[in-house]
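Below is one structure, written out as structure tokens; the observations come after it.
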Amino acid sequence: MSPSDHDPNSDSSKARLYNPYQDLQVPMRNLYQLPTSPEFLFVEEAKRQRRSWGENLTFYTGCSYLAGAVGGGAAGLFSGVRSFESGDTTKLRINRVLNSSGHTGRAWGNRLGVIGLIYAGMESGIQAVRDTDDVWNSVAAGLGTGAIYRAARGVRSAAVAGAIGGVLVGVAVTAKQAAKRYVPI
């Protein structure tokens, strides 16, 4: 190596360092002004006012699991507190509450997640078969979900669960429509 290779005053050391951002002359406001309207690949997708079956599946399953886990955790909390004994230390009491909350929350979350999964599949299937989007799809999906969820326990149990599911979904849809109509948002 020659002495000029390490000389700070040589021509090679005066070379400009590479900056990957030097040609990126984009104003910062352009980076943050994102479109607010949904972007669709096809015009047909933009015309429909409903989520796809995959989005419904994810939404209903996730919301149902979350609701079940929170409700089960709360029920487990009360169950854990009721199981306290007089000689328990604070550490043991906390352990009982956490174990009970976790166990009950998982169980309820899984049950309601499966119900949400069945409901989403039934609703999307009924909508595809009927080729309409109305309240009756939701009610029929609730009826079918209850019946399928309890089908292993017998015909009577499936019929009762189906009726309960249909009525619950009917009440929920009616409440949603009433809220849209009478509650200013």
Side-chain angles (χ1 to χ4, degrees), residues 36 38 48-185:
T36 56
R48 69 178 170 83
Q49 298 292 320
R50 186 165 170 78
R51 292 188 294 260
S52 70
W53 70 270
E55 291 168 338
N56 264 349
L57 190 73
T58 305
F59 177 75
Y60 287 131
T61 305
C63 287
S64 299
Y65 181 83
L66 181 64
V70 169
L77 174 82
F78 291 120
S79 171
V81 169
R82 275 187 277 141
S83 69
F84 286 169
E85 295 176 4
S86 60
D88 288 348
T89 63
T90 304
K91 193 174 188 179
L92 185 59
R93 288 181 179 188
I94 290 171
N95 191 10
R96 282 182 196 258
V97 167
L98 290 176
N99 286 340
S100 181
S101 296
H103 177 73
T104 311
R106 277 192 312 273
W108 285 27
N110 288 337
R111 285 184 194 129
L112 285 181
V114 166
I115 290 172
L117 181 77
I118 295 170
Y119 177 79
M122 294 285 288
E123 187 183 36
S124 296
I126 291 170
Q127 181 186 353
V129 168
R130 290 187 64 217
D131 200 29
T132 60
D133 184 20
D134 58 3
V135 174
W136 297 111
N137 290 347
S138 299
V139 173
L143 193 137
T145 298
I148 287 176
Y149 186 71
R150 289 292 183 189
R153 292 195 178 188
V155 176
R156 183 172 184 228
S157 179
V160 169
I164 290 172
V167 168
L168 284 177
V169 171
V171 167
V173 168
T174 304
K176 180 181 174 185
Q177 288 179 347
K180 279 184 177 180
R181 186 173 193 177
Y182 297 113
V183 177
I185 295 177

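Only heavy atoms go into these numbers, but all of them, side chains included; no hydrogens, no water, no symmetry mates.
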Minimum heavy-atom distance between T104 and A75, given as atom pair plus value: CG2-CB, 4.3 Å
CZ/R82 to CG/L77 distance, rounded to the nearest 0.5 angstrom? 10.0 Å
Residues 101-130 vs ring pair (Phe, Tyr, Trp, His ring centres under 6.0 Å), sequence neighbours excluded, gives Y60-Y119
Taking CZ in F78 as the centre, count heavy atoms belonging to other residues, nucleotides or ligands within less than 6.0 Å. Is the count above 12? no
Could you tell me the separation between the CD1 atom of I164 and the OG1 atom of T145, rounded to the nearest 0.5 Å? 13.5 Å
Distance in Å, L117 CG paired with T58 OG1, rounded so as to fall on 0.5 Å steps: 9.5 Å
Between CD1 of I115 and CG of N110, what distance do you get to the nearest 0.5 Å? 11.0 Å
Sort and list the pairs that fulfil ring pair (Phe, Tyr, Trp, His ring centres under 6.0 Å) and have at least one residue in residues 160-185, not counting sequence neighbours. none
Residues at least two apart in sequence or cross-chain that pass side chain to side chain contact (heavy atoms under 4.5 Å, CB included) with V135, listed by chain then number, are V139, V173, Q177
V114: what forms a side chain to side chain contact (heavy atoms under 4.5 Å, CB included) with it, not counting sequence neighbours? I118, Y149
Over all atoms of both residues, closest heavy-atom pair of S86 and R93: O-NH2, 4.1 Å
So, taking the atom named CG in N95 and the one named OG1 in T90, what distance separates them when rounded to the nearest 0.5 Å? 12.5 Å
S101: partners by side chain to side chain donor-acceptor pair (under 3.5 Å), with sequence neighbours left out: none
What are the two closest non-hydrogen atoms of G76 and S100, and how far apart are they? O-OG, 2.8 Å
Residues in side chain to side chain contact (heavy atoms under 4.5 Å, CB included) contact with D134, at least two apart in sequence or another chain: R130, T132, W136, N137
Quick one: CZ on R111 to OH on Y65, what's the gap to the nearest 0.5 Å? 12.5 Å
In terms of heavy-atom contacts, R96 and S83 come closest through NH1-O, 3.4 Å
Nearest heavy-atom pair of A120 and L57: which atoms, and what distance? CB-CA, 3.6 Å
Note: S138 and E123 closest approach over all heavy atoms is OG-OE2, 2.9 Å
